Novice: 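Just passing along the structure, written as structure tokens.
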Number of protein chains: 2
Amino acid sequence: MSRAEQKERTRQAIINAAFSQLSAEKGFASLSLREVAREAGIAPTSFYRHFADMDELGLTLVDEAGLMLRQLMRQARLRIEKNGSVINTSVETFMEFVADNSNVFRLLLRERSGTSAAFRAAVAREIQHFSAELAHYLRKQTDCKAEQAQLQAEAMVTLVFHTGADALDAPKEHYAHLTRRTVLQLRWLAHGAASYGRKISS
Amino acid sequence: MSRAEQKERTRQAIINAAFSQLSAEKGFASLSLREVAREAGIAPTSFYRHFADMDELGLTLVDEAGLMLRQLMRQARLRIEKNGSVINTSVETFMEFVADNSNVFRLLLRERSGTSAAFRAAVAREIQHFSAELAHYLRKQTDCKAEQAQLQAEAMVTLVFHTGADALDAPKEHYAHLTRRTVLQLRWLAHGAASYGRKISS
DNA sequence: TAAATTAGCGAACAGGTGTAAGCTCAAAGT
DNA sequence: ACTTTGAGCTTACACCTGTTCGCTAATTTA
């Protein structure tokens with residue numbers, strides 16, 4: 001095994017160790033370099049061969065989380081093409097993502113309002129991507145001004161993310177109920193934005 | 001000075017010390033018993049005469065924050081009676097609250113998705129109160145089903161809180177812009193909920 | 001083949017943490 | 001006036017933290 005290859009492998013071991021230690025009870029801030037190193041199977045000091053400090057590791061985790069968010073969007077688009085019902089399919093896909101990647105979603109959720117400005121900015125950027133894609137979609141679907149589409153998309157993302165946060169503390173049998181509620185909220189929003197816009201322009 | 005009186009005084013000193021140490025860079029989780037005690041002007045061990053541990057102090061802080069939230073609602077109602085424009089006045093009042101009590105709002109925001117289930121539950125309860133009052137108001141204003149009013153209120157609160165979170169990282173000259181955007185989102189929601197409901201019932 | 005690079009390790013340090021034990025001494029209760 | 005109570009203190013302990021230094025051993029380069 002080549003040297004660079006091995007290095008990349010333990011780098012991934014560190015990242016995985018960090019993700020696995022994130023949980024409902026433990027946020028990134030309360031992660032310790034030594035514990036992460038222990039789980040990754042290296043000495044504490046070897047950590048520095050890969051990251052300058054914990055913050056750098058944290059930003060890497062946020063990047064990975066953003067990547068998964070983009071995978072989620074792709075999957076949602078695929079399902080929508082087959083299924084049709086846009087809002088319902090999107091929310092259902094999102095809820096599955098939250099259920100299957102709780103720790104990843106939790107990271108985004110927490111660091112969005114966390115103590116590090118850099119983390120907050122990084123998360124905000126990822127979510128911004130998310131909203132922008134949705135806005136683009138909305139503009140194609142219903143013809144409206146760009147600014148308006150963006151604003152609507154952000155409201156939708158906010159509502160869906162909030163439901164995701166609730167889902168983390170709810171038993172799985174409540175998911176369907178949460179989904180139904182959110183779908184209704186999004187429909188109101190879409191309906192209102194469309195008719196309100198028409199009223200203004202008329 | 002009576003004994004009970006003095007005890008209450010240092011208890012408040014502890015609470016104030018804790019609030020003052022909360023900031024954009026420091027969340028409750030990274031608060032240390034010793035530092036809080038130092039700022040409160042007591043020995044670390046004396047802390048235990050007032051709280052069993054930091055968690056108990058934290059729940060007390062959340063309670064105080066909830067209290068301020070209720071003051072905020074009262075103030076908003078007063079202003080609405082004079083001013084008229086419900087949504088606009090509410091959002092403006094809320095934004096002022098966030099600006100004037102950043103640390104209090106930050107506490108609610110962070111612990112809502114924090115690492116302690118007890119904290120999350122406590123914050124959720126306070127916000128639930130908030131939404132319930134708004135729902136009550138909506139029902140009086142526009143006649144609709146109770147469940148629908150509640151759902152609409154929760155969406156509104158979610159959007160407003162999210163804007164508050166953004167405001168914490170934005171310079172004050174952006175507040176007006178943020179307010180305008182949020183007002184528009186809320187109007188869409190109200191408009192959509194009203195007409196969507198009518199469409200269903202007809 | 002010889003030299004240079006470097007991932008990983010062990011030992012050690014300085015500083016922070018929560019909390020237990022036991023004391024003082026002024027207020028409250030009898 | 002005597003006793004009890006309890007807020008606050010000092011000391012002490014055990015533990016965990018991030019980080020520096022110098023070393024080893026294996027891969028890569030020349």
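Owing to the predicted nature of the structure, the values given are computational and were not obtained by experimental measurement. Protein chains get the first letters and strands the later ones, always in sequence-line order, with residue 1 at the start of each.
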Novice: Separation of B:R11 atom CZ from D:dG8 atom P, in whole Å?
Specialist: 12 Å

Novice: Mapping B:R34 and B:T10 onto DNA chain D by nearest heavy atom, which one lands closer to the 5' end?
Specialist: B:T10

Novice: What I want to find out is whether B:K26 reaches B:E35 closely enough, with some N-O distance under 4.0 Å, to be called a salt bridge.
Specialist: yes

Novice: Round to a whole Å and report the spacing from CE of B:M54 to P of C:dG18.
Specialist: 7 Å

Novice: By nearest heavy atom, map B:R49 and B:A4 onto DNA chain C; which one lands nearer the 5' end?
Specialist: B:R49

Novice: Specify the separation, in whole Å, of atom CG of B:L31 and atom C1' of C:dG18.
Specialist: 14 Å

Novice: To the nearest angstrom, how far is A:D53 atom CG from D:dT19 atom P?
Specialist: 7 Å

Novice: Take the protein atom CD of A:E56 and the nucleotide atom P of D:dG18, then report the distance between them rounded to whole Å.
Specialist: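 Value for this atom pair: 16 Å.
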
Novice: Under 4.0 Å between a side-chain N or O of B:S32 and OP1 or OP2 of C:dT17?
Specialist: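 Checking B:S32 against C:dT17: at least one side-chain N or O falls below 4.0 Å of OP1 or OP2.
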
Novice: Regarding A:E35, tell me which of base, sugar-phosphate or nothing describes its non-hydrogen contacts under 4.0 Å with the strands shown.
Specialist: sugar-phosphate

Novice: For B:R38 and C:dG18, what is the distance between atoms CZ and P respectively, to the nearest whole Å?
Specialist: 10 Å

Novice: D:dG18 C1' sits how many Å from A:Y48 OH, rounded?
Specialist: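 In whole Å, D:dG18 C1' and A:Y48 OH are 5 Å from each other.
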
Novice: Is any side-chain N or O of A:T45 under 3.5 Å from a base N or O of D:dT19, one able to act as donor and the other as acceptor?
Specialist: no

Novice: Is any side-chain nitrogen or oxygen of B:S46 closer than 4.0 Å to OP1 or OP2 of D:dC9?
Specialist: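 Indeed, a polar side-chain atom of B:S46 lies that close.
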
Novice: With a 4.0 Å cut-off on N to O distance, would you call B:E154 and A:R181 a salt bridge?
Specialist: yes

Novice: Return the nearest nucleotide to the side chain of A:L33; candidates are C:dC9, D:dG18, C:dT17.
Specialist: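 Selected nucleotide: D:dG18.
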
Novice: Would you call A:E81-A:R77 a salt bridge at under 4.0 Å N-O?
Specialist: no

Novice: Between B:R70 and B:E133, does any NZ, NE, NH1 or NH2 come within less than 4.0 Å of an OD or OE carboxylate oxygen?
Specialist: no

Novice: Please pick, from D:dA7, C:dG18, C:dA7, the nucleotide with the shortest atom-to-atom distance to any side-chain atom of A:K7.
Specialist: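 When the side chain of A:K7 is considered, C:dA7 is the closest of D:dA7, C:dG18, C:dA7.
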
Novice: Confirm from the modelled atom types if B:R3 and D:dA7 form a donor-acceptor pair under 3.5 Å, side chain to base only.
Specialist: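 Looking at the base of D:dA7, it does not pair with any donor or acceptor on the side chain of B:R3 (distance under 3.5 Å).
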
Novice: Show which side-chain atoms of residues 36-53 of chain B pair as donor or acceptor with protein atoms under 3.5 Å away, not counting sequence neighbours.
Specialist:
residue, atom, partner, partner atom, Å
B:E39, OE1, B:Q21, NE2, 3.0
B:E39, OE2, B:S20, OG, 2.4
B:H50, NE2, B:T10, OG1, 3.0
B:D53, OD1, B:D55, N, 3.3
B:D53, OD1, B:E56, N, 3.1

Novice: What is the distance, rounded to the nearest whole Å, between atom CD of B:E5 and atom P of C:dA26?
Specialist: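 Those two atoms, CD and P, are 18 Å apart.
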
